[in-house]
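In what follows, a structure is listed as structure tokens, so that the remarks can point back to it.
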Amino acid sequence: MAEEEGALPPKSDFSAWYNDLLWRAEIMDVRYPVKGLYVWYPHGFAIRRHVYGLLREMMDRSHQETLFPLLIPEHEFMKEAEHIKGFEDEVYWVTHGGKDQLDVPLALRPTSETAIYPMYALWVRSHADLPLRLYQIVNTFRYETKHTRPLIRLREITSFKEAHTVHSTWNDAQEQVEAAIAIYQEFYDRLCIPVIVSKRPEWDKFPGADYTIAIDTVMPDGKTLQIGTVHHLGDHFSRTFSIMYEDALGAQQYAHQTCYGISERSIAALISVHGDDRGLVLPPEFSPVQVVVIPIPIGKRKDEVLLAASRLLETLQKAGIRARLDDRDLRPGAKYYYWEMRGAALRIEIGPRDIDAGMVVSVTRTGQRSQIPVDQLVSGVTDVLGGEAARMKVRAGEMLRSRIRPAGTTDELVAAVGEGVAVVSWCGEKNCADSLEEVTGGSVLGTEARLGDIGGIPTACLICGSNGKATLVGRAY
RNA sequence: GGGGUAGUAGGGUAGCCUGGUCCAUCCUAGAGCGUUUGGGACGCUUUGACGGCGGUUCGAAUCCGCCCUACCCCA
């Protein structure tokens, strides 16, 4: 069928859809010849730039940006016992300089606590230095043994935004945890990605943390994707790295810390949550091309149409809209498909008919069609685009809610995890969690979920029947 | 962690068992020319590959070994 030409696999076949979309929409090229490392196409990188631009802007309100080295000396990396246990199997080591073996092996950071905290020990002197809130956006390396996936499970995480804060007291650090969660919620709200916030179980918390709050979303195949974490580090690291301050009374005190991060999984979620069978769909704020102008140049009025189109382009660009003119010698239909694949938020068509009417045809990526008078182009475009994000937010929110279901019996649990996320009652015992995971093939995501009222959840642990609390179970990426 | 399956031009494939005119083929690929253009245009010309390294052989996409990479399924 002609309509099938160049089509993506349907989104219902999510894995195939995702792999195909990545290169067809020019986001990532997966052909780099090293496992787990992928290349950003310029178009994908432009999406990243807009997403991380927002993240940076939000972080800058209460943090300062910094940059620490990629390499961490072995003796620093090996200081914090729990931390080592959590990461040592995934660390790449630089052992040679040229042909010489290094005296001190250097770790490629899998995360930067052990790079940053020795410096924090030097920088923090007094309670007046606190709170200290820094972040950096860097690449990190993890020797993943599981199946790698572009943007999702990587050996080089190219875009890790990690924040590291220092506070006087445990409670101050806890407040920072809440502040960080609020930032991340706002961030994902802007991306129109609905999230689930919950507290990870003990065995799944960050190595060296008091507790971990995770932010998950649900992918189109019903599996959850962790797209942000916030860790309360207590004084574990400050004791290890001697991060101390002199309090108001002149006594030396160990500081309390938090750290939290977001990676390019945010981009994976953005693409996956909103995309459709025709390709990328992006909130206009993050689309590299917000408006594409497509001339419909028929016969002898070709020059006239092209001139009108380039005037439109100029008007849009002057108004600060990321606009492009597609004047390639292709049929208009081919261009529509091309830009839909790449997630252009709005298409403006102009042909002889439109010129005569003093109007242009506008079609949003989600299919809202209208006509805009040429002399009100900018306000018309702004209006039409303004509604897109809200529509996407509603649609994605409904999708997420439909994937979360309470379960009071084992059958309901298995069914719910098959479709998405189950909310069950769990007593808190590891044995019962193991059972929950075993019958579902999923994992216990967390407790204390901030979901509003789910309702319909018994208080008795689904496994053992003793007193339990609401717990999320799902299959995770 | 365990098991499959596969890698041939930008993409998709045939050929492989049974080494040799294999100058293979198709396209939504690239370059060029012309006709075209309101939802994936057409004609002609043309470009371009056997995942990597090593081995066997007069001769390897094809046989052998090692490695790399990808996808799927199961703990």
Side-chain angles (χ1 to χ4, degrees), chain A residues 1-9 13-39 41-43 89-90 143-156 221 223 276-279 292-309 312 325-342 344 346-357 359-372 417-418 434-443 475-477:
Chain A
M1 298 276 283
E3 306 88 73
E4 295 292 320
E5 268 182 70
L8 285 170
D13 183 3
F14 177 66
S15 194
W17 177 89
Y18 183 78
N19 289 329
D20 229 45
L21 178 67
L22 285 179
W23 79 264
R24 296 244 227 154
E26 294 181 302
I27 299 161
M28 304 295 291
D29 195 327
V30 302
R31 293 173 298 182
Y32 193 76
V34 180
K35 180 182 166 68
L37 310 198
Y38 308 96
V39 180
Y41 279 114
H43 190 254
D89 289 343
E90 331 189 350
Y143 181 69
E144 289 287 351
T145 51
K146 285 187 182 155
H147 203 191
T148 53
R149 247 199 192 80
L151 300 177
I152 292 176
R153 189 175 298 281
L154 306 156
R155 286 188 168 175
E156 181 189 7
D221 58 0
K223 288 164 84 171
D276 63 19
D277 286 355
R278 287 190 172 175
V292 60
V293 177
I294 300 196
I296 315 289
I298 293 172
K300 52 184 185 300
R301 295 184 68 178
K302 183 174 177 175
D303 293 343
E304 182 191 354
V305 169
L306 287 175
L307 183 66
L312 295 178
L325 170 62
D326 189 347
D327 58 0
R328 292 175 299 171
D329 186 21
L330 296 174
R331 312 195 119 225
K335 296 179 185 177
Y336 302 163
Y337 285 107
Y338 178 92
W339 289 107
E340 282 165 359
M341 182 66 76
R342 285 160 184 75
L346 182 73
R347 169 174 91 233
I348 297 282
E349 303 166 20
I350 180 157
R353 284 200 312 246
D354 308 295
I355 293 176
D356 295 343
M359 308 282 272
V360 297
V361 173
S362 109
V363 184
T364 71
R365 181 59 182 78
T366 58
Q368 312 282 315
R369 181 179 285 269
S370 58
Q371 283 193 301
I372 299 174
V417 171
D434 289 345
S435 298
L436 288 171
E437 297 189 346
E438 201 175 319
V439 296
T440 58
S443 47
R475 293 164 301 141
Y477 266 98

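Residue numbers begin at 1 in each chain, while the letters A, B, ... track the order of the sequences.
- The main-chain N or O of Gly279(A) is found under 3.5 Å from a side-chain atom of Asp276(A) such that the two form a donor-acceptor pair.
- Pair check for A6(B) finds U69(B); Watson-Crick or G-U wobble, both atom distances under 3.5 Å.
- Between the CG atom of Asp20(A) and the P atom of G10(B) there is a distance of 18 Å, rounded to whole Å.
- Taking the ring centre of Tyr18(A) as origin, the terminal cationic atom of Arg149(A) falls outside the region bounded by 6.0 Å and 45° from the ring axis.
- Atom pair Tyr32(A):OH and G51(B):C1' shows a separation of 16 Å (rounding to whole Å applied).
- Within 4.0 Å of Pro295(A), counting heavy atoms only, lies no atom of the nucleic acid at all.
- Residue Arg31(A) is in sugar-phosphate contact alone, with no base atom involved, counting any heavy-atom pair closer than 4.0 Å across all strands shown.
- If you measure from atom CG of Asp29(A) to atom P of A29(B), you get 17 Å, rounded to the nearest angstrom.
- In this structure a side-chain-to-backbone donor-acceptor pair under 3.5 Å is present from Arg155(A) to Glu144(A).
- Spacing between atom CZ of Arg149(A) and atom P of A70(B) amounts to 12 Å, rounded to whole angstrom units.
- Nucleic acid contact for Arg328(A): none, since no nucleic acid atom lies under 4.0 Å from a heavy atom of the residue.
- Closest to the side chain of Arg353(A), out of U35(B), A70(B), G38(B), is G38(B).
- The pairing partner recorded for U28(B) is none, the criterion being a Watson-Crick or G-U wobble arrangement whose two distances lie under 3.5 angstrom.
- OP1 or OP2 of C72(B) has at least one side-chain nitrogen or oxygen of Ser15(A) nearer than 4.0 Å.
- Judged by atom type and distance alone, Glu340(A) reaches the base of G39(B) through a side-chain donor-acceptor pair under 3.5 Å.
- One C1' atom belongs to U62(B), the other to C50(B), and the distance between them is 10 Å to the nearest Å.
- Straight-line distance between the C1' atoms of C27(B) and G48(B): roughly 14 Å, to the nearest whole Å.
- Of the candidate nucleotides G38(B), A70(B), G11(B), G38(B) has the atom lying nearest to any side-chain atom of Ile298(A).
- In terms of position on RNA chain B, the residue among Lys146(A) and Glu349(A) whose nearest nucleotide sits closer to the 5' end is Lys146(A).
- Arg365(A) places a side-chain N or O within donor-acceptor distance of the main-chain N or O of Glu340(A), the cut-off being under 3.5 Å.
- A side-chain donor-acceptor contact under 3.5 Å links Arg475(A) to the backbone of Gly418(A).
- Here the side chain of Arg331(A) is nearest to one of U37(B), G39(B), A70(B), namely U37(B).
- Spacing between atom CG of Asp329(A) and atom P of A31(B) amounts to 12 Å, rounded to whole angstrom units.
- Atom C1' of U47(B) sits at a distance of 16 Å from the matching atom of U25(B), rounded to the whole Å.
- With rounding to whole Å, Arg24(A) atom CZ is found 12 Å from A29(B) atom C1'.
- Look at C50(B): it lacks any Watson-Crick or wobble partner with both distances under 3.5 angstrom.
- Look at the C1' atom in both G51(B) and A70(B): the space between them is 11 Å, to the nearest Å.
- Nucleotide G38(B) holds its P atom 15 Å from the NZ atom of Lys300(A), rounded to whole Å.
- With salt bridges taken as basic N to acidic carboxylate O contacts below 4.0 Å, one links Asp326(A) and Arg328(A).
- Where stacking is scored as ring centres under 5.5 Å apart with planes under 30°, Tyr336(A) does not register as stacked on the base of G39(B).
- The nucleotide whose nearest atom lies closest to any side-chain atom of Tyr337(A) is, among G38(B), U37(B), G39(B), G39(B).
- Using the Watson-Crick or G-U wobble rule with both distances under 3.5 Å, U35(B) pairs with A41(B).
- Within the nucleic acid shown, Glu438(A) has no heavy atom closer than 4.0 Å to any nucleic acid atom.
- Going from the C1' atom of G34(B) to that of C71(B) covers 43 Å, rounded to whole Å.
- Within a 6.0 Å radius of OH in Tyr143(A), no more than 12 heavy atoms belonging to other residues, nucleotides or ligands are found.
- Using a 4.0 Å heavy-atom distance criterion, Lys335(A) is classed as making no nucleic acid contact.
- As rounded to the nearest Å, A75(B) and U28(B) have C1' atoms that lie 41 Å from one another.
- For the C1' atoms, the distance linking C68(B) with C53(B) amounts to 10 Å, nearest Å.
- Taking for each of Pro150(A) and Arg369(A) the nucleotide of RNA chain B with the nearest heavy atom, the 5'-most of the two is the partner of Arg369(A).
- Here the P atom of nucleotide U37(B) and the NZ atom of Lys302(A) are 10 Å apart, to the nearest Å.
- Nearest nucleotide to the side chain of Val361(A), out of G38(B), C72(B), U37(B): G38(B).
- Side chain of Asp354(A) to main chain of Gly351(A): a donor-acceptor pair is present (N/O by atom type, distance under 3.5 Å, no hydrogens or angles).
- Side-chain proximity of Thr145(A) to C71(B), G39(B), G1(B): nearest is G1(B).
- Val30(A) comes within contact range of no nucleotide atom at all, as no heavy-atom separation falls under 4.0 Å.
- Residue-level contact check: Arg347(A) touches the bases, meaning some heavy atom is under 4.0 Å from a base atom.
- Comparing A61(B) with U57(B), their C1' atoms are spaced 16 Å from each other, to the whole Å.
- Remark: G1(B) base-pairs with C74(B); criterion is Watson-Crick or G-U wobble with both hydrogen-bond distances under 3.5 Å.
- In this structure, C63(B) forms a base pair with G55(B), meeting either the Watson-Crick or the G-U wobble geometry with both donor-acceptor distances under 3.5 Å.
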